[in-house]
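Everything numeric here is computed off the predicted structure, so don't read it as measured data. No hydrogens, no waters, no symmetry mates; every other heavy atom, side chains included, goes into these values. So you know, we letter chains A, B, ... as the sequences are listed, proteins then strands, and number each from 1.
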There are 2 protein chains.
Amino acid sequence: MSPQRRTGLGTNQEAIRRHNLGTVLRHVHSAGEMSRAELTSLMGLNRSTIAGLVGELESLGILERADPAEGVRQGAGRPSAGVRIAADGPYVIAVDLGVDRAVVARVGLGGQVLQRAQAPVQAEGEAWQVGAAVAALVRAVVEDAPAVAPLVGMGISVPGLVRRSDGLIRLAPNLEWHDVSFGGIVLAALGLDVPVCLANDADLGALAEHTRGSGVGTDELIYLSGNVGVGAGIITGGHRLEGAGGYAGEVGHLRFDPDGHTCHCGNRGCWETEVGAHAIAAAIACPPDKVVQLGEVLDSFDKPSPALRATGTALGQGLASLVNMFNPQTVILGGYFRALYTLVGPEVNAGLAERALPAPLESVTLALPGLGADSSLLGAAEIALEPLFVDPVAALGTAIDDVHSRLAG
Amino acid sequence: MSPQRRTGLGTNQEAIRRHNLGTVLRHVHSAGEMSRAELTSLMGLNRSTIAGLVGELESLGILERADPAEGVRQGAGRPSAGVRIAADGPYVIAVDLGVDRAVVARVGLGGQVLQRAQAPVQAEGEAWQVGAAVAALVRAVVEDAPAVAPLVGMGISVPGLVRRSDGLIRLAPNLEWHDVSFGGIVLAALGLDVPVCLANDADLGALAEHTRGSGVGTDELIYLSGNVGVGAGIITGGHRLEGAGGYAGEVGHLRFDPDGHTCHCGNRGCWETEVGAHAIAAAIACPPDKVVQLGEVLDSFDKPSPALRATGTALGQGLASLVNMFNPQTVILGGYFRALYTLVGPEVNAGLAERALPAPLESVTLALPGLGADSSLLGAAEIALEPLFVDPVAALGTAIDDVHSRLAG
DNA sequence: ATGAATTTGTTGTGCCGGACGACAGTCTGG
DNA sequence: CCAGACTGTCGTCCGGCACAACAAATTCAT
């Protein structure tokens, strides 16, 4: 969390330095290689101050100097030397725990996936089994990491409700998990102690799309995630909407039709009973074992059936409730909603326009994810990297060097 | 908006001072008279620094020294001198524009209403007529203001959609206004030029309840406002949820029952058609001209009718959607919902428990407004005071002294 | 081609703000 | 009455950023 969100505390000079170092890093992280001059104008600080900040980050091994770009060079004057993420700089482990598979990646600053591995996950597998599988993937992924590169932390994307205070998985319906401390399980299987952070997959999708996907530049966005269940990650004012316990965004259980079907949550007519994966699978006669790959199944269609059109209308109408409530600038349709929207986009738009209020409707645009299927994975990397932007020096202090040999030993 | 929300900018020493001065002021504003020692521990700064900050605010005429409280004195040691809002310090004008009446108040730091006046407003009155009436109330309210006390700004609470960027009233259904620049109208009628800030009444109710009402200490709250329409003000992470255009919180048009009644927005079965004032009035056979005082009408009941019980259930069921989506810690039932909840609280609770997910349900509590009917008025004062907390020196620089004689001249 | 203009990097200096330590003042408790 | 505890005040110091001056590298005009 940005220090900007601190509430009643005072600021001292130490905090300035922390904040400015972190902000420099955040800019290079999100915009990629850039010049000191750009940093100067972005941050509103003096040239010499920026030079000092960049110099400190270089001596920490986080950034490195880049020769002036040979490419387009506009305007007169001395060309500004570039600044970029260091090659052997700090990295994090990102884990995207899906319903049917787990993806693990080693991700550096700048959101670059340096290495990745994945494995299928047993449906209804025990948490310790999944944890062991993830740990094996982690070992594979850090194998080629440079010994000098420090591991800053680990982020895990979970298809379920995660308690904000301690990262406990309260409920993951499709894994059939209740109150699982998955972070601890993975760390125990690894025999490692690094900061680990868990969050809901839709929340992380929103975060990643906001940082480097279709939502760049918009501080009000909703990432609607269609996996087996329906959830939303919400960014307002540039920050994740978490809620008191961390459970915000459970839009799948919005009331949609009181006379509708029974939902697994026990109520009737939740939105998920209309636009959830099982509902869509039933509408298109998709076999039950293919439900987890509903996106691919939908991709194989070239013309939408009437049932799919109705689903599109329901999607748009439900979105209208979200738009009325949040007044977002962008709504990103992730998971199988990407495939669904490419099939029945007009119906979705019509359903939305029909039921949204004019004022919020005029400022919203629907978009597809800019990061494809990696939104949640990269979001997991983002939350793991976050401490670096709050206080780079402190984050490096708790980081672990030469992880590979530690894991081997 | 708090400086805490700045995004990518750097911080310099000037900003530190601004921030710390503002934070001191914010603490005294929200907690009332306090000692320097308390400020020291709250803000984590050194004693001498706090002394310097308080001294500067005293010399600006914002704070004043208070003798050590005679009351309970705990622990040994030298008693700490108090700090409180100065008697003739800066103030703002707060306007609560209702459907049937306008309330105008002169409000000082600390949220103290120093003077107030109100007048009925013509139903379907022209904006310039209402503006003139408000201007007259403003004149009345500043009449006895000390000449040395500066006017910092004006905040206006509006029952409708307000564009965030410029404060334009896009739509106020019950006043039948479209695209009215009410701030400009009032300023023109006054012949004064002060910073003026407009916002939705529910948003301001949430803000006020968060600062000094039932929502103190909770950073995730929803203020559900029942006036003629139904709207919500939402605080997440301690900040107002505004949305891209400023229209967030239009929960009255959540889809509730697709086979329900037609709503004035053109759709069927909006939540407002079940729990809106007109719906309730119809259910209890309240004459149409009393709809604007629905709260008082409900207060006269001592036993709920079956129709009211059904309304309570619908209220709870709709709240469940909000709770699932936002995972708030507190939901405050303002406007006529206060009276409704005292009548049919059990039904509301049951409807909520029936349809909310277990995890968000366990952390939410329903509450009545702690500020009575003044929530929106005090919220209007809060947004007008906000510049003082961002930069006290600058805000005083643009403030106007001796308003009364200026208005007379 | 050459000098002027422009822009950036570098260095040294100064200012400002908060931290810290020492001392004084005022209370509680024995 | 004295020891202990806590707060306010003062002077000093340190760290961070701004600023000015200079050097370096490039573009543009003649």
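We find that CG of B/Leu45 is positioned 16 Å from P of D/dT9, with the value rounded to whole Å. Atom CZ in B/Arg65 sits roughly 11 Å away from atom C1' in D/dT9 (whole-Å rounding). As rounded to whole Å, 15 Å separates atom C1' of D/dT9 from atom CD1 of B/Ile50. In this entry the distance linking NE2 of A/His19 with P of D/dC17 reads 11 Å, nearest Å. Per the geometry, CG belonging to A/Leu53 stands 15 Å off C1' belonging to C/dT10, to the nearest Å. We find that CD of B/Glu38 is positioned 15 Å from P of D/dC6, with the value rounded to whole Å. As rounded to whole Å, 14 Å separates atom C1' of C/dA19 from atom CD1 of A/Ile16. Atom P of nucleotide D/dG15 and atom CZ of A/Arg18 are separated by 15 Å, given to the nearest angstrom.
Regarding contacts with the backbone of D/dG16, every side-chain N or O of B/Asn12 stays at 4.0 angstrom or more from both OP1 and OP2. In this model, the phosphate group of D/dC17 is approached by a side-chain N or O of A/Asn20 to a distance below 4.0 Å at OP1 or OP2. Residue B/Arg36 places at least one side-chain N or O closer than 4.0 Å to OP1 or OP2 of D/dT9.
Atom CD1 of A/Ile400 sits about 6.5 Å away from atom CG of A/Asp193, to the nearest 0.5 Å.
Contact annotation for B/Asn46: base contact, defined as any heavy-atom pair under 4.0 Å involving a base atom.
Residue B/Arg78 places a side-chain atom within donor-acceptor reach of the base of D/dT7, judged by atom type and a 3.5 Å distance cut-off alone. For D/dC19, its base sits under 3.5 Å from the side chain of A/Ser48 at one donor and acceptor pair at least. No hydrogens or angles were tested; on distance alone, a donor-acceptor pair under 3.5 Å links the side chain of B/Arg47 to the base of D/dG8. Remark: the A/Gln13 side chain and the D/dG15 base include a donor-acceptor N/O pair separated by less than 3.5 Å. Not a single donor-acceptor pair, N or O on each side, falls under 3.5 Å between the base of D/dC6 and the side chain of B/Ser80.
B/Glu209 contributes a side-chain N or O that, together with a main-chain N or O of B/Ser214, makes up a donor-acceptor pair within less than 3.5 Å. Put simply, the side chain of A/Asn20 gets close to the backbone of B/Thr11: a donor and an acceptor are under 3.5 Å apart. A side-chain donor-acceptor contact under 3.5 Å links B/His210 to the backbone of B/Thr218.
In the displayed structure, A/Gln112 atom CD is contacted under 6.0 Å by at most 12 heavy atoms of other residues, nucleotides or ligands.
Judged by closest nucleotide on DNA chain C, A/Ser35 is the one of B/Thr49 and A/Ser35 placed further toward the 5' end.
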